[in-house]
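Following: one structure in structure tokens, then a few remarks.
All values below were derived from every heavy atom in this structure, side-chain atoms included, with hydrogens, water molecules and symmetry-related copies excluded. The chains referred to below are lettered A, B, ... by the order of the sequence lines, with proteins before strands, and numbering in each begins at 1.
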Amino acid sequence: MVVEGAVAERLLDDFRLLLGAGVELVGVDRERLADPVGEGGLGAHGTVDDPGRQKGLRPTGGVGAVGTRPVRPETDPYRGAFAERSRTPRMEFAAFAERAERLAAEPADIETTRLVADLLAAAGGRGKSDDLATVTRFLLGRVFPAHDTRTLDVGPALCREAIARAAGPNVGAADVEERLAEAGEIGAVAAGFDFGGQRGLAAFGEGRDRLTVAAVDAALRELAADAGDGSESRKRDALFGLFNRCEPAEAKLLARLVLGEMRLGVGEGTVRDAIAEAFLAEASADDGKEGNDGDDPTLRARDEAAAAVERALQVTNDYGRVAVLARDEGLAGLRAEGLAVGRPVQAMLAQAGTATDAVEAFGEVAVETKFDGARVQVHYVPESAAEGGEGLGPRVYSRNMDDVTDALPEVVEYVEARVSVPVILDGEVVAVDDDGDPLPFQEVLRRFRRKHDVDRMREEVGLRLHAFDCLHADGEDLLDEPLRARHDLLVDVLPDAAASVEFADDPEAIEVAEAAALDAGHEGVMLKNPDAAYTPGDRGRDWLKRKPDVETLDAVVVGAEWGEGRRAELFGTFLLGVGAGDDEFATIGKVATGLTDEALADLTERLKPHVVSEDGTEIEIRPEAVLEVGYEEIQTSPTYSSGYALRFPRFVGVRDDKSVGDADSLERVARLAGDGAE
DNA sequence: TGTGTCTGCCCC
DNA sequence: ATTCTGC
DNA sequence: GCAGAATGGGCAGACACA
């Protein structure tokens, strides 16, 4: 059997993972095997039956065999194209880690963007390796783009176990957990161990067998493709193999990558700007020469470039792909990525605001019901409306662009029965009882991502779509149309079924509408600017959400958890209880938000003397302090001993005036919960 | 087969 | 989801 | 005002293990 190019290198890398670090290449020129991999084309791939006997591999002692069964993914993990820009060296994972370290240390915004742009250029600039797509995703803590069904299925537990194993026979998962409580961040824990890979590496010389970005990517993709019996332990083995080859800086980044938390201070906005900076600066300069009136032309061109990148991201949801597109096809290529029925767009989001805010900002306000359900986007091309081609049965996407069609047959039927032109609709799915009245959010959850027994559950919990926006109708993209026009088209497309809007220009009228919505069992109202365009992914001031003011409870701190990141030295979470008689307290949830760093430090100091016991990051605390905690709703809970839990709990203040005996009781909570349900 | 634990760019 | 923080 | 970070409850699905 012959394997070559990228496939060969990947297989070799993967065999090393399976065998541990102690494998040496014999008679294989790695440089000549190197071949770039993108996300685009289809690639050939091979499967090898017995890696142990594969020619060119020879065990060299070291760690020895772990998980000797090769992973055979169902889908092809080697989807890379054998692109033209081959024979260039791959970016080493260590180089990525080193640059990431610098990023994390850089506080200034502009400079961060510069550094990210430099990194992107190094990963995929002309004549460089083509690790651009991968590096772009890695920066954001992702292996797969958002609109991709694949998942790693590796969480904190599996990651800790893999680290423990790589750290040696004397280190157990409990030790790792202890260190995590100490360091407050898994990356630092991983970097703190001397992994076997380093010793193994030293045995056969400097610079050999270094991990590349591409190899890490390939290994993680393969890991993601694994499923079924034994997959958990194979994933652990694969991760172990990777950690084994890591130097501390690499281990830190790898641990963070698999958990999706890079902690670099680099988010989507920074990467978006950096893509423009790295690959569209030339276009900017050209534009600049032509139009040099008024504003700084370079700046204007740069804004234009950033806007083009942003739009491409809104419709493709793939940072890696957009980076490559910007580099290879520039502004024109980015602008060619438009809306497409069947490809989800990022949802427009809202921020909190009041009726007065809305009237002041918009004058006339579009008032809609805020439903307590799950956001969906529906794409549909009816057979009858398909020009030449085939139609597209209704597809339903979640806010994170997961395809949830199969769980929501009501939505499919509803749209199919009413819509006769191609559309993209935005709306909310709510659970309803037999009378059509809204049910609690928890009921939506029982349906939303269900795969089994959909039909049976359908009888128990009904679902209803409230469509409130229309992004595409009958061949026309509507993103840049004002809300008014979009809603008119929505009504055209969904006769008698679109969610209703009411226009108001004074706060009192809005408050009346809000009271009516709450009375009907809804969450509140949305207050929208009637003249605003639909801005995907934007949490701007054109959409405001208005919910009732928070209610509060006085609860007793009965436990805590050590925090992570900037809360590493502090308690990051407090476990709450309410009085259940006889100096007993029944738990009702945790709080972790709403505390300033200062309040957190004070509370940590104050409660430390009352610690009863510690187990990993979990701490038991003698009831002593009373906190005022805000919440939105009291729900029934299977996890807390009171049988209730707070929805959206947040710290409001310390009740120094209250002793634990004066805190709220379970009895009162039960009463409040009952009120809420009625 | 039943139960416990972990995971999810999960949903909010 | 909510909230705080630094720029 | 924005982006980023650090956190909440609860559900189904999937896997491990007894």
Side-chain angles (χ1 to χ4, degrees), chain A residues 107-110 112 137 140-159 161 184-185 227-233 235 259-270 272-273 317 319 349 351-352 372-376 398-402 404 407 428-429 440-454 457 523 538-541 545 547 550 561 563-568 570 572-574 576 588-600 629-640 644-652:
Chain A
D109 227 33
I110 302 288
T112 301
R137 295 190 193 108
L140 293 168
R142 283 170 203 161
V143 177
F144 301 110
H147 178 44
D148 191 312
T149 53
R150 289 173 287 182
T151 52
L152 294 180
D153 287 311
V154 172
L158 210 57
C159 187
E161 287 171 25
E185 192 263 306
D229 276 6
S231 61
E232 226 173 85
S233 100
K235 284 175 193 234
L259 297 182
E261 296 171 350
M262 299 306 274
R263 298 171 193 273
L264 301 176
V266 173
E268 302 189 350
T270 309
R272 183 230 300 138
D273 293 347
N317 308 299
Y319 279 77
L349 305 170
Q351 43 182 298
D372 192 9
R375 187 81 174 268
V376 291
S398 72
R399 205 187 89 175
N400 283 324
M401 289 156 289
D402 255 16
V404 290
E428 187 93 358
V429 165
F441 177 71
Q442 277 163 303
E443 300 298 322
V444 184
L445 284 186
R446 297 175 64 200
R447 290 284 320 267
F448 197 64
R449 282 156 49 84
R450 174 173 288 276
K451 286 189 189 175
H452 310 301
D453 300 324
V454 172
M457 274 306 289
E523 205 182 2
D538 191 25
R539 174 158 264 146
R541 297 292 302 176
K545 54 180 164 183
K547 302 199 260 188
V550 291
E561 287 164 30
E564 297 202 359
R566 71 168 192 248
R567 292 187 180 177
L570 306 168
T573 302
F574 297 97
L576 304 171
I588 192 169
K590 301 180 215 177
V591 240
T593 188
L595 298 118
T596 60
D597 290 353
E598 195 190 353
L600 208 52
V629 181
Y631 63 90
E632 191 158 305
E633 187 180 30
I634 295 174
Q635 37 188 9
T636 60
S637 166
T639 49
Y640 292 104
Y644 297 100
L646 307 179
R647 176 140 84 137
F648 308 145
R650 56 264 216 185
F651 172 85
V652 173

Separation of the [atom1] atoms in [N] and [M], to the nearest angstrom:
| N | M | atom1 | answer |
| --- | --- | --- | --- |
| D:dA16 | B:dC9 | C1' | 26 Å |
| D:dG10 | B:dG8 | C1' | 12 Å |
| B:dC6 | D:dG8 | P | 16 Å |

query: Counting only distance, no hydrogens or angles, is the base of C:dT2 paired donor-acceptor with the side chain of A:Thr593 under 3.5 Å?
result: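 A donor-acceptor contact between them is present.
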How is [X] classified with respect to the nucleic acid when contacts are heavy atoms under 4.0 Å: base, sugar-phosphate, or nothing?
| X | answer |
| --- | --- |
| A:Gly630 | nothing |
| A:Val444 | nothing |
| A:Arg142 | base |
| A:Gly565 | sugar-phosphate |
| A:Tyr640 | sugar-phosphate |
| A:Gln635 | sugar-phosphate |
| A:Leu570 | nothing |
| A:Lys547 | sugar-phosphate |
| A:Thr636 | sugar-phosphate |
| A:Gly141 | nothing |
| A:Leu595 | sugar-phosphate |
| A:Asp402 | sugar-phosphate |
| A:Phe648 | base |
| A:Asn317 | nothing |

Answer whether the closest heavy-atom distance between the side chains of [X] and [Y] falls below 4.5 Å.
| X | Y | value |
| --- | --- | --- |
| A:Arg137 | A:Pro145 | yes |
| A:Arg263 | A:Glu564 | yes |
| A:Phe574 | A:Leu595 | yes |
| A:Lys545 | A:Glu523 | no |

- prompt: Would a distance-only check, ignoring hydrogens and angles, find a side-chain to backbone donor-acceptor pair under 3.5 Å from A:Asp148 to A:Arg150?
  reply: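 Such a contact is found between A:Asp148 side chain and A:Arg150 backbone.
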field: Spacing of A:Arg375 atom CZ relative to B:dC12 atom P, expressed in whole Å
entry: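 My rounded result for the distance is 8 Å.
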field: 5′-ward residue of the pair A:Leu646/A:Arg447 relative to DNA chain D
entry: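 Looking at DNA chain D, the more 5' nearest nucleotide goes with A:Leu646.
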